[in-house]
Asker: 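For reference, the structure I am asking about is given below.
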2 protein chains.
Amino acid sequence: MAPKIVDREAKKEQIVHAAIGVFAEKGVANTKMIDIARAAAIGKGTIYEYFRSKEDIFAAAYNRMNREMEMKIGQILSGSEHPAVQLQMIFDLSLDYFGHDAVEFSAVMMDFWAEGIRRKSPEMMGVINLKEIYDQYREIIAGIVRNGQRQGLFIDVDPVSYASLAIGALDGMLLQMVMSAEIIDIARVKETFKRTMIQCLQKEKPNTINPEKKK
Amino acid sequence: MAPKIVDREAKKEQIVHAAIGVFAEKGVANTKMIDIARAAAIGKGTIYEYFRSKEDIFAAAYNRMNREMEMKIGQILSGSEHPAVQLQMIFDLSLDYFGHDAVEFSAVMMDFWAEGIRRKSPEMMGVINLKEIYDQYREIIAGIVRNGQRQGLFIDVDPVSYASLAIGALDGMLLQMVMSAEIIDIARVKETFKRTMIQCLQKEKPNTINPEKKK
DNA sequence: ATATTAATACCGACCAGTCGGTCAAAATAA
DNA sequence: TTATTTTGACCGACTGGTCGGTATTAATAT
């Protein structure tokens with residue numbers, strides 16, 4: 001009178017995990033349900049016990065990858081006080097997250113990205129809403145900038161424009177890292193990025209804070 | 001003994017033109033051959049008289065859009081002398097090209113982009129090679145920077161890193177324009193972009209040249 | 001203990017729809 | 001008439017999702 005019980009959440013996680021792996025390897029568009037099933041070592045039909053559709057898995061994978069990033073940023077925001085340092089940490093975080101050895105994740109992120117654009121206008125079933133995520137990130141950065149301006153640390157730039165620029169640069173560089181990893185010197189680009197984006201924001205002396213990690 | 005003659009180049013152009021329109025409207029992945037045929041007001045089979053495959057059309061469309069941009073940049077490079085002005089013109093060009101009323105083109109560009117990434121590792125049949133394009137653009141920007149440095153106008157930043165950053169920022173902002181056009185103030189972002197990316201490069205007074213168009 | 005049983009998890013063959021590409025016939029221009 | 005172009009019906013490969021049946025588990029009865 002009592003059935004087999006499984007930890008449904010754990011199983012979903014198992015499937016999403018497998019899916020991300022396959023996505024990374026073959027690209028979202030080229031991933032078949034059977035691929036995911038095999039990677040998760042379950043039958044194809046079983047997937048449909050936990051997810052309504054391929055789309056559903058896609059969304060779950062996206063949200064999972066995103067939530068991680070959000071948490072880390074939350075930590076940064078609640079931590080250090082100096083706005084320039086906060087910015088630097090966020091840039092570092094983003095750059096590292098992708099630039100790390102997990103280049104394959106970057107590719108997945110790109111897929112999400114492309115999909116997100118494609119679904120911008122149409123109903124988009126509430127599945128992904130990349131736009132919302134971007135608006136949110138932009139607001140985080142803009143908030144830090146405003147904060148810095150209020151403290152008289154930053155020049156009088158439009159915070160939202162600056163945020164757009166910073167986020168855009170982050171993303172665009174990601175693309176190039178993915179594509180031309182062997183050509184561009186990633187560490188160097190990262191340093192240039194931080195230098196440029198943060199120094200240009202500061203009022204007088206760029207050395208008010210030290211943009212270099214002490215070694 | 002001397003049958004019907006058609007301008008094959010013109011017909012190809014007609015098809016590519018139609019294809020770009022459909023790509024813009026529905027996204028490359030969702031475009032069917034029949035859609036292109038209908039848009040070009042020809043039969044589906046006819047397409048195959050001029051293109052080997054869908055892939056082939058895709059590549060042709062990509063190259064067509066790209067060649068335009070290349071030509072314009074060529075003009076810029078051969079024109080004005082001051083490196084900062086050249087940079088500014090290139091940024092303006094890129095930002096306008098997409099930001100203009102032709103937002104739909106941006107979406108197509110994104111599709112190319114996404115596809116380009118997906119095809120980075122595998123053989124990629126020589127069809128698209130986005131990487132090559134990027135390497136090329138990067139080298140153009142880097143060249144201008146080096147030039148400016150040689151003339152003692154620019155600070156001693158790594159030209160290639162700077163170029164990566166600039167191109168990345170350009171692309172990333174494009175994404176945001178496409179996605180959140182109604183939220184971000186595009187003109188303002190553009191201005192911030194130019195200010196930031198060019199001023200940070202200049203040695204002392206940012207006003208050595210006037211980054212504002214005289215009115 | 002252990003056999004029974006009911007509730008659930010799991011599976012993969014199958015289905016129905018889709019779409020890129022082909023080809024034989026029709027249309028067309030010279 | 002004839003060389004060439006155009007065409008859309010057709011083909012076949014592919015794939016997301018379904019469904020009937022099987023396996024597994026744990027509560028219950030003995």
Side-chain angles (χ1 to χ4, degrees), chain A residues 1-20 22-23 25-62 111 115 118-119 122-125 127-128, chain B residues 1-20 22-23 25-62 111 115 118-119 122-125 127-128:
Chain A
M1 212 80 110
K4 183 173 175 181
I5 50 172
V6 293
D7 184 343
R8 293 190 66 83
E9 279 316 308
K11 197 108 194 184
K12 284 187 84 160
E13 169 57 27
Q14 173 195 352
I15 295 173
V16 170
H17 180 77
I20 290 179
V22 184
F23 287 164
E25 189 191 340
K26 335 183 71 155
V28 173
N30 301 321
T31 296
K32 318 302 170 211
M33 295 306 273
I34 187 66
D35 298 326
I36 298 176
R38 281 205 253 268
I42 59 177
K44 181 184 157 194
T46 307
I47 294 179
Y48 288 88
E49 301 285 334
Y50 298 89
F51 295 94
R52 246 197 217 90
S53 62
K54 187 182 177 183
E55 183 100 349
D56 205 8
I57 298 181
F58 180 73
Y62 174 75
D111 274 337
E115 266 308 293
R118 201 162 293 138
R119 291 176 200 179
E123 64 308 328
M124 79 184 155
M125 327 275 270
V127 192
I128 250 219
Chain B
M1 208 93 95
K4 194 166 173 181
I5 50 171
V6 292
D7 183 343
R8 294 189 64 83
E9 278 315 305
K11 197 113 193 180
K12 283 188 85 160
E13 169 57 28
Q14 172 195 351
I15 295 172
V16 170
H17 179 77
I20 290 179
V22 184
F23 286 165
E25 189 190 340
K26 337 183 67 155
V28 173
N30 301 319
T31 297
K32 318 301 172 211
M33 295 307 273
I34 188 66
D35 298 326
I36 298 176
R38 280 204 255 266
I42 59 175
K44 180 180 147 193
T46 308
I47 295 178
Y48 288 88
E49 299 290 328
Y50 298 89
F51 294 94
R52 244 198 217 90
S53 63
K54 187 182 179 185
E55 183 99 349
D56 205 9
I57 299 181
F58 180 74
Y62 175 75
D111 274 338
E115 264 311 290
R118 201 162 292 140
R119 290 175 202 180
E123 63 309 328
M124 80 184 152
M125 327 272 274
V127 192
I128 250 218

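Within every chain, numbering begins at 1; the chains are lettered A, B, ... in the order of the sequence lines, protein sequences first and strands thereafter.
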Asker: Tell me the interatomic distance from A:Asp35, atom CG, to C:dG12, atom P, rounded to whole angstroms.
Answerer: 15 Å
Asker: Quick one: which of D:dG16, D:dT6, C:dC11 gets closest to the side chain of A:Lys44?
Answerer: D:dG16
Asker: Taking CD1 from B:Ile47 and P from D:dT6, how many angstroms apart are they, rounded to a whole number?
Answerer: 12 Å
Asker: When all nucleic acid strands are considered with a 4.0 Å heavy-atom cut-off, which category describes A:Arg8: base, sugar-phosphate, or nothing?
Answerer: sugar-phosphate
Asker: From CD of B:Glu49 over to P of C:dT28, roughly how many Å is that when rounded to an integer?
Answerer: 16 Å
Asker: Nearest whole Å is fine: how far is C:dC11 C1' from A:Ile36 CD1?
Answerer: 17 Å
Asker: Can you measure A:Lys11 atom NZ to C:dA9 atom C1' for me and round it to whole angstrom units?
Answerer: 8 Å
Asker: Return the value, rounded to whole Å, for the distance between atom CE of B:Met33 and atom P of C:dG21.
Answerer: 6 Å
Asker: Where the side chain of B:Lys32 is concerned, which of C:dG20, C:dC11, D:dT6 is the nearest nucleotide?
Answerer: C:dG20
Asker: Find the distance B:Glu55:CD to C:dC19:C1' and express it as a whole number of Å.
Answerer: 15 Å
Asker: Given C:dC19, C:dG21, D:dG17, identify the nucleotide with an atom nearest to the side chain of B:Lys54.
Answerer: C:dG21
Asker: Kindly say if A:Thr46 contacts the phosphate of C:dC11, meaning a side-chain N or O under 4.0 Å from OP1 or OP2.
Answerer: yes
Asker: To the nearest 0.5 Å, tell me how far A:Ile42 CD1 sits from A:Gln14 CD.
Answerer: 6.0 Å
Asker: Base, sugar-phosphate alone, or nothing: which one does A:Tyr50 contact when heavy atoms must sit under 4.0 Å apart?
Answerer: sugar-phosphate
Asker: Figure out the CG/P separation between B:Asn30 and C:dC19, and round it to whole Å.
Answerer: 9 Å
Asker: Taking any heavy-atom pair under 4.0 Å as a contact, classify B:Ile34: base, sugar-phosphate, or nothing.
Answerer: nothing
